[in-house]
Amino acid sequence: MSVPLLELSHVTRSFGGVHATRDVSLTLKQGEVIGLIGPNGAGKSTLVNVITGVHPPSSGQIMHNGERIDGMKPFQVAARGIARTFQVVQPFPAMTVIENVMAGSLFGSRIRSMSQAREAAAEHLRFTGLLTLAERPASELTLANRKRLELAKSLAMSPKLLMLDEVNAGLNTAEVDQALELIRKIAATGVTVLIIEHLLKVVLTLCSRVIVLHHGELIADDTPSNIVRNEAVIKAYLGARFAEKYRDSHE
Ligand code: ADP
Ligand code: MG
């Protein structure tokens, strides 16, 4: 049996008295596309922060390719090929689009010269559909393109595992479809992708497995077709979402 790409064992992260993540155990295998869902405040972003070393776990253990990574600094985790996008996109606004991506490649990968970084960045911009905007200041980009830039920056770190924190939030239907295509393209290159997502359509069409958090605890880890039939998940999350959609479409 091969070693999982990532293995969390009984991971808890508390902030004061709040267990943002509570006793979470899960494994991610190389090449999987996994959804991570749950209500606001369920601990999804915290889990990504814990994996990437932003907030070390209060207890529990994280293994990457069979080696412990809990306690490592974010740059050390990034250097192992674990990248993420932020829920709130944070480009360097004064820098051009291509400079933003170059910063990513100099930070995370083995690229060490500026010309090499520029060449690699141009390739990531081509892949994400941003090449024509390469020389524009990042501050001029639309939200959809800022999200693409986040993806390009993450790809510049040559990730083996890419975690996407609500990359589709705030996008319109056409933009979500384009983002879906891009995520599919990334997954097709063999990168393991963990998607935090409120849009069930995205999760159910892209992911082979869905993990559900509620009050920091993992309440389900199953195929999409089982997830939509899971009583605990319907009660904690899907019911509320459907109700919200219903209200939205009847207002
Ligand atoms: P989600 O991404 O699922 O919406 P979060 O992981 O952002 O949820 O938050 C989970 C819980 O942890 C919330 O109660 C939130 O207020 C708390 N939390 C997250 N990050 C911090 C932090 N840096 N300091 C204090 N509390 C935090
Ligand atoms: Mg979040």
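FYI, the numbering just counts along the sequence from 1. Numbering of ligands and ligand atoms starts at 1, following listing order.
- The backbone N or O of Arg136 lies less than 3.5 Å from no partner atom in the side chain of Thr96, so there is not a single donor-acceptor pair.
- The closest donor-acceptor contact from the side chain of Thr85 to the backbone of Asp165 lies under 3.5 Å.
- For ligand 1 and Thr46, the ligand atoms under 4.0 Å from any heavy atom of the residue are 5 (P), 6 (O), 9 (O), 10 (C), 19 (C).
- When the options Arg13, Lys44, Glu166, His55 are ranked by their closest heavy atom to atom 3 (O) of ligand 1, first place goes to Lys44.
- Under the 4.0 angstrom criterion for non-hydrogen atoms, Gly43 is in contact with ligand 1.
- For residue Asn40, no N/O/S atom approaches the Mg ion (ligand 2) to within less than 2.8 Å.
- Using 4.0 Å as the threshold, Pro39 has a heavy atom nearer than that to some atom of ligand 1.
- Heavy-atom proximity to Ser45, at under 4.0 Å, picks out these atoms of ligand 1: 1 (P), 2 (O), 6 (O), 7 (O).
- Side-chain atoms of Asp70 never come within 3.5 Å of backbone atoms of Gln61 as a donor-acceptor pair (strictly under, hydrogens ignored).
- By the rule that hydrophobic residues join a cluster once side-chain heavy atoms approach within less than 4.5 Å of another member, Leu200 and Leu213 end up as members of separate clusters.
- At distances below 3.5 Å, not a single donor-acceptor pair connects side-chain atoms of Arg13 with backbone N or O atoms of Val50.
- Among Ser14, Gly41, Gly216, the residue whose heavy atom sits closest to atom 10 (C) of ligand 1 is Gly41.
- Interface atoms of ligand 1 facing Asn40, defined by a heavy-atom separation under 4.0 Å, are 4 (O).
- Although no hydrogens or angles enter the test, the distance criterion places no donor-acceptor pair under 3.5 Å between the side chain of Lys44 and the main chain of Leu36.
- To the nearest 0.5 Å, the span separating CG on Asp177 from CG on Leu171 amounts to 10.5 Å.
- Shown in contact with Ala42 at under 4.0 Å from a heavy atom are these atoms of ligand 1, numbered in order with element: 1 (P), 3 (O), 8 (O).
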